[in-house]
Amino acid sequence: MENPRMVRQQVRKIIRVACDRCKGSGFLPGEIELNPIIEIPREEEHGDYSTNIAFLLAPKVRKSPQEIAKVLVENMDFAEICEKVEVAARGFMNFYVKDAVWRDTLKRMSDKGLDSMFPNVGEGKRVLIEFVSSNPTGPLHIGHGRGAAVGDVLANVLMKTGYTVVKEYYVNDAGKQIETLGQSTYARWRELEGDPIPFEEHFYQGDYVKDIAALLAERKSSIPPLRDEAVRFMAKFASDEVMHGIERDLADFGVIFDNYYRETKLYENGDVDETLKVLQGKDYAYEKDGALWFRTGLFERDEDRVLVKSDGEKTYFASDIAYHKNKLERDFDILIDIWGSDHHGYIPRLRASIEALGKNKESLKVLLIQFVTLLKDGKPVGMSTRSGQFTTLKEVLDEVGKNAARFFFLMRKSDAHLEFDLDLAKKTSNENPVYYVQYAHARIESIFRVAKDEGVSAASLRDADVGLLTLKDETMLIKGILNFFNVVEGSARSFEPHRITFYLLDLVGKFHSYYNKTRVIGDDRGVTLARLLLLDMLRQVIQSGLSILGVSAPERM
RNA sequence: GCGCCUGUAGCUCAAUUAGGAUAGAGCAACGGACUUCUAAUCCGUAGGUUCCGUGUUCGAGUCACGGCAGGCGCGCCA
């Protein structure tokens, strides 16, 4: 078997052949067409794969599932890959794959390398993942951190599985919020100059505004004398400054974007006006009460939305349509947007706009990220950007480090609430799941150090005889290792990066258990080599999994 | 009022390609294992009306309908 997916395909084939044979003998009607599920059973005693085909056939041929399963098995040639196929009491058919098949697949993996094992899900499709996209009016908080982790890891997963991926950050550098930032900065600057003006309630309260004002105060000469111009100048200055900080925090978090796409660019190059013209040309936009409205209701169950306000200003929605039009025109097959879940109400109108532009709205996938509750001393820490009482990503990174932060963000499915326990993430103890995985890797590295001292080189692993891996724990570990590629595939198909985290925890659990029971390096050189090959593959899978997560795989701990 | 998400062990969460067999982990609790390649580990015990109800069927944590509870959204804001 080239890879573990092929084992499942073989099982499918065995079933199909048996069905054909039963059709030939008249036991099954010839025209019947079925797509049975072949799954990995929960219970180990139920074999490596099982199928429900007998249940699906039962009503059609008016026979009991048990009888159908029995006849199918009698007509089955399974000996090549299975040691037995059993009919369970209810009518399930359980396939017990030969241990040798798994061992040979492991050997193949060792010979050909990990990269040859990843399934090609994407087939070269181009996908653009847009995430974080936080307004440059304040530093990233912990919620953005979760979005950053999910987006970055999803990008890694998709890259592993045959997609061409571009990571993009959309910078909302136009509009009222930037203006408010300018006013806030200006007010702080006046304070520093000893000539204060009222600091209004809707201004940004955070201390970072004061820092920026202080920076400006040092370069007094470049500030325009007129207030309006000064505010505009400071808006630009402050948002650039904040943006630099965001990029720095992201880099510290291990997230590097391919592009930063600025909203103002869409205005400058005429994309927004062009988009509005197209919509109007198709009569998908109309004027009412002095404003321009988009006919959302034509495409989705949603109300019509304003594109141009009666004061002539364009809405965020207008430029966002232009942005997504722009993305599609850059020849991406799939657009993934990662948003905070509080924006979910925005999905219908954006989908509608894509359809209105004559594109397939199914090419847009929106992943919603639920809020993060930060726990400190077991109690939640409140947050709000306006009041300045948020916990920034930087603070969390400084406290728990990149590895723990990324791992914790991916311990939940993204659309579920996440409780982030700061104290737990910080602990250097067995309670911390990050270390559980990393420690397994360090242990394996340690074994290889000892092996090296005893004269076992990496090259000699080529001669290892996997047939000597006969322990039950070893078979389980092999299956666990090979399952990696299925998990990555599932993760890619469902856009659920957190599956990698769960998989790794499960896998290294098997290893820790094995380690405590079994000595790898022993007197029997053959067995030692075989076990080292097993651990080498395990090590590579852990490294690969952790690198997808963006978490380090330390050699010592 | 309408829409989306969530509800599983004391706590935090799983449950595989959208229905499969006896619902699983970790933490916390209790009892054990270091003369050994790393005890940041392992082994064992205990812990459940899967929020409630009705339905669909060979089979429901999973699907449908109706409730209950929590979160979020329903702007000419972004």
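Order of the sequence lines fixes the chain letters, A, B, ..., with proteins taken first and strands second; residue numbering starts at 1 for each chain.
Nucleotides G75(B) and G70(B) place their C1' atoms 25 Å apart, quoted to the nearest Å. To the nearest whole angstrom, the two P atoms, one in U8(B) and one in C2(B), are 25 Å apart.
Listed nucleotides C5(B), C43(B), C37(B) differ in distance to Ile521(A); the shortest reach to its side chain belongs to C37(B). Of the listed nucleotides (A78(B), A39(B), U6(B)), A78(B) has the atom at the smallest distance from the side chain of Thr315(A).
Judged by closest nucleotide on RNA chain B, Asp415(A) is the one of Val450(A) and Asp415(A) placed further toward the 5' end.
Note on ring orientation: taking the six-membered ring where Trp is involved, the planes of Phe299(A) and Tyr284(A) are perpendicular (angle over 60°, cut-offs 30° and 60°).
Salt bridge annotation for Lys160(A)-Glu489(A): absent, with no cationic side-chain nitrogen under 4.0 angstrom from a carboxylate oxygen. Using a cut-off of 4.0 Å between Lys/Arg side-chain N and Asp/Glu carboxylate O, Asp173(A) and Arg262(A) are scored as salt-bridged. Looking at Glu300(A) and Lys361(A), a side-chain N of the basic residue comes within less than 4.0 Å of a carboxylate O on the acidic one, giving a salt bridge.
Annotated as anti: C51(B), whose glycosidic dihedral deviates from 0 by more than 90°. Its glycosidic angle being within 90° of 0, A18(B) falls on the syn side.
For His417(A) against G70(B), a side-chain-to-base donor-acceptor contact under 3.5 Å is absent.
Listed pair Arg42(A) / U16(B) fails the phosphate criterion, with no side-chain N or O lying under 4.0 Å from OP1 or OP2. Close to U17(B), at under 4.0 Å from its OP1 or OP2, lies no side-chain N or O of Arg8(A). For A40(B), one of the phosphate oxygens OP1 or OP2 lies less than 4.0 angstrom from a side-chain nitrogen or oxygen of Tyr439(A). OP1 or OP2 of A78(B) has at least one side-chain nitrogen or oxygen of Lys309(A) nearer than 4.0 Å. Regarding contacts with the backbone of A18(B), every side-chain N or O of Arg493(A) stays at 4.0 angstrom or more from both OP1 and OP2. Listed pair Ser513(A) / C43(B) meets the phosphate criterion, a side-chain N or O lying under 4.0 Å from OP1 or OP2.
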